[in-house]
Colleague: 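One structure is given below, represented as C-alpha cells, and several questions about it will come after.
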Amino acid sequence: MLATAPPRPAPPATPQRRRAIGEVLLAVENISLRFGGVRALTDVSFDIRKGEIRAIIGPNGAGKSSMLNVINGFYHPQEGRIVWKGRVLPRMRPHEAAAGGIARTFQNIALFKGMSTLDNIMTGRILKMRASFIEQALWIGRGRSEELRERAFVERLLDFLEITHIRHTPVGKLPYGLQKRVELARALAMEPELLLLDEPMAGMNLEEKEDMCRFILDVNEEFGTTVALIEHDMSVVMDISDRVVVLDYGKLLADGTPDQVRNDPAVIAAYLGVAHG
Amino acid sequence: MIYRETGQFRTSYAEDQAIFRLRQDKIGIAVILAIAWVGIPLLADEYLLRAILIPFLILSVGAIGLNLLLGYCGQISLGTGAFMAIGAYAAYNLALRVPALPLLLDFFLAGLIAAAVGVLFGLPSLRIKGLYLAVATLAAQFFADWAFLRVPWFTNYTPSGSVTAPALDFFGWVVDTPLEKYWLCLAFACLTAILAKNLVRSRIGRSWMAIRDMDIAAEIIGIRPMTAKLSAFAVSSFVAGGAGVLWAFVHLGSWEPLAFSIDMSFRLLFMVIIGGMGSILGSFLGAAFITVLPIFLNQAPALVGIQLSTAMVSHLEFMIFGALIVLFLIWEPHGLARLWQIGKEKMRLWPFPY
Ligand SMILES: Nc1ncnc2c1ncn2[C@@H]1O[C@H](COP(=O)(O)OP(=O)(O)O)[C@@H](O)[C@H]1O
Ligand SMILES: [Mg+2]
C-alpha cells in the first residue's frame, strides 16, 4: 500500500537537491503536549534541516497538526523546547513566529473570505511594510510607494502559482483547489524560511495534487524555502520529501528517508492497523 | 452597455489601485461632487440645508467612523453615540477653557480625546467578541451618559445641563449661514471619506479586514491582534468624535447630553447595516436613507390624502427600519452599497444578459 506510486510529472528528490540540504534549521526536543487528559504529543523529538522537504505522516489524530501548532506558537507544550537556528525559542505567539520567518497553511482553509485573492496575498506582505499611519491615510510617500512595490511582488507570485486570472475575485467564490493555492501564495508572500503546510493536497483531485506537488518542489528549489508538510497521500510523500517523520498516538514512530520509513516494520504495522492509507 | 469595462486597459498597478478605476466611475464621482459643491448651493433652500443635508453629511461622517470599526475590523460597537458625545464636550471645554487655541485645533484635539477613550473601551475586544463585546461597548454609552449628565464640570455648571457652542470662527471665516455650514460639513465629509478610503486600501485597513475575516489566520501572517483592534477603535472613535463635534457645533448649536444618547448609537448602527458594512460609499447611502426616510414618511401620506399622527409616523419609522435590518442581515449583509454594485454589473452586461 505504501509502495504504490502513480505516474507524476515531478521527479523524486534529485541528488543535486539533496546536496543543498544544510544544517539544522529547527529542532523540536522532547515535546509533550496535553489537553486535559488527552495526550496529543508525548516526548517527540526530530529536526528539520535547511533546504529540505520534511514530511510528517501518521493516522488521523496522531498529533500532526498539533505539532505544527506547537512550532508556530499556537500551542504551548507542557514539556520540551524548540530550537530555531541554534537558539532556544521562548514561549511565543504566532505573530512572533511569523516575524521570525515561519509561515503556514491550515488543514481547513483559513483565508480572509471577504477579501479578494490579491488582498489576501497582500496581507502576507504586511511585515515588509513600514509606512506610517499618516503616510497611509494621505496615500503619500511610503504609503503609496510600498503599495506599488508589494503589488509588483504579489503579481510575480500570482504568476508563479498561475492564478493571475482570479486576482480580483473574492476568495469565498473560488473552488476549493484554488483556495488552497491562494493560501499557499499568502504564506509564500511572507518569504518564510520555514513553510509549514498542513495537508496541502487534502480533498484535491489528481490533477490539482500534481500541480500542488510541482509548486511545492518549485518553491523549495527556486527560493530555497524549507518545507515541512503533513500529507496523507503516501505516493506524494514518498516522491517529494527528503525525510519523513511518522507519528502515531502522539508518539514518534519512525524518522528517516522515505525508503527507510517505508520498510520500517513498526510503520507498516501501524498503517495496516488503520482503514485509510 | 453603458457601464462597461472593455477597452479600458490599465497599464500600471498604480492605475489598477486607484480609488475609482473605471472611467464611468471617475465621471460619476465628478458629477456628484459638482452637484454637491455647486449645484445644491445654487438650488437648495434653507430648510433643505438645515433639516436634511447638514445632518445627512454629519451622520455620514459618524457612519464612516462606525463602519471602520464594525464593517472593516469586525468589532461591534453600540457606543458610537458616546464617542460623538466625548468629541462634542471635549471641543466645548477646550474652546471654553483654552480660548487661545484656534477652533480647528480644538476640533482635532477633541477627536484625539475621543480616540483615547475609544482605545480604553476597546480593550475588552482583546478578550471578547460578538455579543459580549457589544455589551462592553454599551458600557461606554452609559458611562458617557452618566458623566455628561452628572459631572457638572463638563457642562460648565450650567443649571439646565444644556450648553451652547461658541461662534464658528475659523481664522476669521465666521460660519453662520446654513449654506456656509453646509459647505463646512461637506468639506469634512469629503475629507473623512478620502482618508478612510486610503486607510482601508493600505496595510492598516488590510490588517483590520484580516482580523475581521479570520483572526487566527491574521496572527500567523504577523498581524498583532492587539494593534489591529485598538487602532481600529482609535481611528473609529476619532472620526465619531469629529462627527460629534460637527453635530453639536454646526447642526445643533446648543445641546443636552440627550443629543448623544443610545438612540444615536443605534441610528448609526442602522446606517451601517443598511448602507453596507465594509463600504465607505455605503456609509453615505445608509446615512441618506435613514435621514430621508422619516421625512418621506411625514410627507408622503399627506400627499396621497392620508393623515397619520406623529406618533404613528415614528412607530412606522422604527418598524420599517427593523424590517429592513432583518432583511439586509439575512439577504444582503453588504447593504445598499452591494445592491448598487450589482446594479452596475447588470448595466455592464445590458442589454445582453450574459
Ligand atoms: N485544541 C485542542 N483541544 C483539545 N484537544 C485537541 C486540540 N487540538 C488537538 N487535540 C487532540 O489532539 C490529538 C491530536 O490531534 P491533531 O494534532 O489534530 O491530529 P492530526 O492532525 O494528526 O490528525 C487529537 O486527539 C485531538 O482531539
Ligand atoms: Mg490534522
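Values in this document were obtained by computation on a predicted structure and should not be read as measured data. In what follows, chains are A, B, ... by sequence order, proteins preceding strands, each numbered from 1.
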Colleague: Would you please go through residues 129-162 of chain A and name the residues with a non-hydrogen atom below 4.5 Å from one of chain B, in numerical order?
Modeller: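 A:M129, A:R130, A:A131, A:F133, A:Q136, A:A137, A:L138, A:W139, A:R144, A:E146, A:E147, A:L148, A:R151, A:A152, A:E155 fall under the 4.5 Å cut-off.
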
Colleague: Checking A:T226 side chain against A:G51 main chain: does a donor-acceptor pair fall under 3.5 Å?
Modeller: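 Indeed, once roles are kept as given, a pair shorter than 3.5 Å links the two residues.
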
Colleague: Examine whether an atom of B:A196 lies under 4.5 Å from a heavy atom of chain A, and if so say whether it belongs to the side chain, the backbone or both; otherwise answer neither.
Modeller: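 Neither part, no heavy atoms under 4.5 Å.
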
Colleague: Please check if the side chain of B:W208 supplies one atom and the backbone of B:L69 the other of a donor-acceptor pair under 3.5 Å.
Modeller: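 No, because the side chain of B:W208 does not come within donor-acceptor range (under 3.5 Å) of the backbone of B:L69.
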
Colleague: Got a sec, which residues hit side chain to side chain contact (heavy atoms under 4.5 Å, CB included) with B:E332, two or more places apart in sequence or on another chain?
Modeller: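 Partners of B:E332 under the side chain to side chain contact (heavy atoms under 4.5 Å, CB included) test: B:F328, B:H334, B:R338, B:L339, B:I342.
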
Colleague: How close do A:F106 and A:F74 get, heavy atom to heavy atom, and via which atoms?
Modeller: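 Answer, listing the atom of A:F106 first, then A:F74: CZ-CE1, 3.7 Å.
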
Colleague: Under 4.5 Å from any heavy atom of chain B, what part of A:D119 do you find: side chain, backbone, both or neither?
Modeller: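 A:D119 touches chain B through backbone and side-chain heavy atoms alike.
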
Colleague: With a 4.5 Å limit on heavy-atom distance, are the side chains of A:R54 and A:V245 in contact?
Modeller: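 Answer yes - side chains close enough.
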
Colleague: Less than 4.5 Å to any heavy atom of chain A: does that hold for the side chain of B:V235, its backbone, both, or neither?
Modeller: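 When you check distances to chain A, only side chain atoms of B:V235 fall under 4.5 Å.
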
Colleague: Quick check: under 4.5 Å, non-hydrogen atoms only, which of residues 175-204 of chain A neighbour chain B?
Modeller: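 Counting heavy atoms that sit under 4.5 Å from chain B, the residues of residues 175-204 of chain A involved are A:R186, A:M190.
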
Colleague: I need the residue from B:R203, B:M214, B:K197 with the largest number of non-hydrogen atom pairs under 4.5 Å to chain A.
Modeller: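 The residue among B:R203, B:M214, B:K197 with the greatest pair count is B:R203.
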
Colleague: Could you report the tightest heavy-atom contact between B:A110 and B:V245, atom names first, then the distance?
Modeller: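 Answer, listing the atom of B:A110 first, then B:V245: CB-CG2, 4.0 Å.
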
Colleague: Let's test your reading of the structure: which of A:A99, A:A98, A:A103, A:A97 forms the most heavy-atom pairs below 4.5 Å with chain B?
Modeller: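 Max contact count across the listed options: A:A98.
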
Colleague: Return the option, out of B:P225, B:G278, B:A218, with the maximum number of heavy-atom pairs under 4.5 Å with chain A.
Modeller: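 Answer, by heavy-atom pair count under 4.5 Å with chain A: B:A218.
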
Colleague: Got a donor-acceptor contact below 3.5 angstrom from the B:D213 side chain to the A:G114 backbone?
Modeller: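 Pair found, side chain donor or acceptor close to backbone of A:G114.
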
Colleague: Can you pull out every side-chain hydrogen bond (donor to acceptor under 3.5 Å, both in side chains) where at least one residue sits in residues 88-99 of chain A? Sequence neighbours excluded, please.
Modeller: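 side-chain hydrogen bond (donor to acceptor under 3.5 Å, both in side chains) check on residues 88-99 of chain A returns A:H76-A:R91, A:R93-B:E219.
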
Colleague: Any donor-acceptor pair under 3.5 Å linking the side chain of A:Q78 with the backbone of A:R34?
Modeller: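 Looks like yes, one N/O pair under 3.5 Å.
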
Colleague: Tell me whether A:K64 contacts the main-chain N or O of A:G58 through its side chain, where contact means a donor paired with an acceptor under 3.5 Å.
Modeller: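 It does hold such a pair.
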
Colleague: In terms of relative ring orientation, are B:F107 and B:F188 parallel, tilted or perpendicular, with 30° and 60° separating the classes?
Modeller: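 Tilted: the ring planes of B:F107 and B:F188 meet at 30° to 60°.
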
Colleague: Please state whether the side chain, the backbone, both or neither of B:R201 comes within less than 4.5 Å of a heavy atom of chain A.
Modeller: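 Looking at B:R201, backbone and side chain both touch chain A.
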
Colleague: Is the shortest heavy-atom distance from the side chain of A:Q107 to the side chain of A:L68 under 4.5 Å?
Modeller: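 The answer is no, as the side chains (C-beta and beyond) never meet within the 4.5 Å cut-off.
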
Colleague: Are side-chain heavy atoms of B:L246 and B:L57 found at a separation under 4.5 Å?
Modeller: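 Answer no - side chains too far apart.
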
